[in-house]
Amino acid sequence: MKLFSFLFTSSIGRKILMSVTGLSLVAFLLVHCSINACIFFNDHGKTFNEAAAFMGNNWLIRSAEIGLFVGLLLHSFQGLYLWASNDQKRKQKYHTTAGNSNSKWYSRSMGILGSLLLLFLVLHLSHFWVVSRFTDELSETGSNTLFHKMSLIFQSPVIVIVYVIGCISLAYHLLHGFQSGFQSLGFNHPLLNPIIKNFGIVFSLLVPLIFASMPIVMYLGWIK
Amino acid sequence: MIKSMKINLKVWRQRNADSVGNFADYTVEASPDMSFLEMFDVLNEQLIENGREPVAFDHDCREGICGMCSMVINGRPHGPKRGVTTCQLHMRSFNDGDTISVEPWRANAFPVVKDLSVNRSAFDRIISAGGFISTNTGNAVDANTILIQKEIADEAFKAATCIGCGACVSACKNASAMLFVGAKVTQLSLLPQGKPEKESRVVAMVNQMDAEGFGACTNTGACFAECPKQIPLSVISTLNREYLSAKLSGK
Ligand code: HEM
Ligand code: SF4
Ligand code: FES
């Protein structure tokens, strides 16, 4: 335990924890996005429900889910702590600022973007995860599946808009976070740096775009 | 013919660390060929002639190598130009009639001494904690007895160009000193003379950096953008990597 205490006590240790948990969440997003994209087969959710059932029944994936949840909590609390404590390191603020001339606004707004994500996640988890894991409301086959739940929830234009805002926050959070995570881990390589940077940009735009398209196509009734 | 320019200044005045400061407005006639600090010399002569207190500001070499000058000009440490210290900034970078705001470096770890002058001894204490090599004194060893690969020597030299001015801290929204500490750690750990102490050094320097009240890096890159020596962000990833490996080996 003492070996890892630096992850909670030193500035760099805290950053390393942010990075490890953040990049694990990135890996999770890739899986989550691939499975959800099964709705685009437009087969009344057949493939999607099967994939979701596989994820729900596989013990390896269920164990990873616990790890993911712990990671999300660590990432969120550590992120909020760092945001608050960093903000205290300059009690007397500048009167004239020129932040945009030396950095991107979203790199300076990870705390706000993360908080928006946290609020969104509470809503999102209560929509699907809580219902499918902790209630008997849904079944794996029939007319009351996770897919049906999706189409039901995305009937509401307000919810669709909230989801799209959530995805935009995610895109900006990742646009900075993806490459930042590698930098925090001490990863630096003349040949790999541009690949990480460019792959990060594509990932940060593509994944949230695919996610955001789901509530939209269901609302419009293009996927049934 | 040298055209004179009229510059309106909003300068931060603060009696000492405990007092509340505020902006004072001044007007200075300057030549475009003056450095920013020479323009301040003119202002101070003007103030002295009128029986008022001159503005305190730090400076020493005035040729971009000592790291003493430290002004936040229109919200940017060392002013609008990249890779330039305040002393090497010239009035031709501004226009006749401009209003320029000038503030001190702001960070809890850099308390204001007076006006634009801040106490940067926190950096000295970080260096004392580990920014050195321990060797036995004696005859000076010939410089070429230890061969160093050219690329490594160049990289170490690049990091060693940090002049310890603190613009990185002043630019960072977290008041983080990691560009400075990263530069020192990189410079020493790349070279054979610095290698034996590399693990204990990085841990000691980071501990001191945290104790001084600098923030944690969030990789915004503002430090690099404002650093007069353009120290690359890769020194921060080197710092992170060395810290992580020192910690995992139980240091
Ligand atoms: C799907 C969800 C999320 C993903 C994929 C994600 C990913 C990331 C990544 C990769 C980083 C970069 C880490 C680094 O710079 O070392 C990061 C940073 C950050 N995240 Fe998240 N994050 C997510 C959710 C959240 C949530 C819910 C919060 C809650 C407050 C949050 C707050 C932060 C903050 C404040 C930072 C900046 C920390 C720093 O650089 O010191 N994130 N995130
Ligand atoms: S890293 Fe650059 S900005 Fe920071 S102290 Fe060194 S020279 Fe100044
Ligand atoms: S006065 Fe020495 S660097 Fe500016």
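Order of the sequence lines sets the chain letters (A, B, ...), proteins ahead of strands, with each chain counted from 1.
With rounding to the nearest 0.5 angstrom, the OG atom of B:S234 is 8.5 Å from the CG atom of A:N193. Atom CZ of residue B:R82 and atom CG of residue A:N102 lie 8.0 Å apart, to the nearest 0.5 angstrom. Annotation: the span from B:K251 atom NZ to A:F6 atom CZ amounts to 14.0 Å, rounded to 0.5 Å.
Proximity to chain A (any heavy atom under 4.5 Å) is restricted, for B:V72, to the side chain, taken from C-beta onward. Heavy atoms closer than 4.5 Å to chain B are found in the side chain of A:K15, but not in its backbone. Using a 4.5 Å cut-off between heavy atoms, A:R108 touches chain B through backbone and side chain atoms alike. Contact of B:C217 with chain A is made through the backbone alone, with heavy-atom distances under 4.5 Å. At a 4.5 Å heavy-atom cutoff, the contact between B:F214 and chain A is made by backbone atoms alone. Looking at B:P104, only its backbone comes within 4.5 Å of chain A, counting heavy atoms on both sides. B:S170 touches chain A through backbone and side chain together, each having a heavy atom under 4.5 Å away.
With respect to chain A, the highest number of heavy-atom pairs below 4.5 Å among B:L244, B:V206, B:N108 belongs to B:N108. The choice from A:S85, A:S184, A:S19 that makes the most heavy-atom pairs within less than 4.5 Å of chain B is A:S184.
Not one N or O on the side chain of A:N188 forms a donor-acceptor pair closer than 3.5 Å with the backbone of B:S237. The closest donor-acceptor contact from the side chain of B:E103 to the backbone of A:H95 lies under 3.5 Å. Remark: the backbone N or O of B:G21 is not paired with any side-chain donor or acceptor of A:Q92 at under 3.5 angstrom.
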Self-check item: side-chain contact (heavy atoms from CB on, under 4.5 Å) between B:W12 and A:T96, intermediate numbers included
Solution: CA-CA 11 Å; B:W12 188 258; A:T96 319; over 6 Å; no
Quiz prompt | Test side-chain hydrogen bond (donor to acceptor under 3.5 Å, both in side chains) applied to B:D210 and A:S11, step by step | solution = CA-CA 7 Å; B:D210 289 350; A:S11 55; 2.6 Å; yes
Self-check item: Stepwise side-chain contact (heavy atoms from CB on, under 4.5 Å) check, B:K247 with A:S10
Solution: CA-CA 11 Å; B:K247 276 295 173 185; A:S10 95; 5.8 Å; no
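Closest of all the heavy-atom pairs between B:G215 and A:K89 is CA-CG, 3.5 Å. In terms of heavy-atom proximity, B:R106 sits nearest to A:Y94 at N-OH, 3.0 Å. Closest approach of A:I16 and B:N240 over heavy atoms only: CD1-O, 4.2 Å. Shortest non-hydrogen contact noted between A:R90 and B:V169 is NH2-O, 2.8 Å.
In this structure the side chain of A:M110 never reaches within 4.5 angstrom of the side chain of B:T218, judged on heavy atoms.
In this model, no donor atom of one side chain and acceptor atom of the other lie less than 3.5 Å apart for B:T220 and A:S103.
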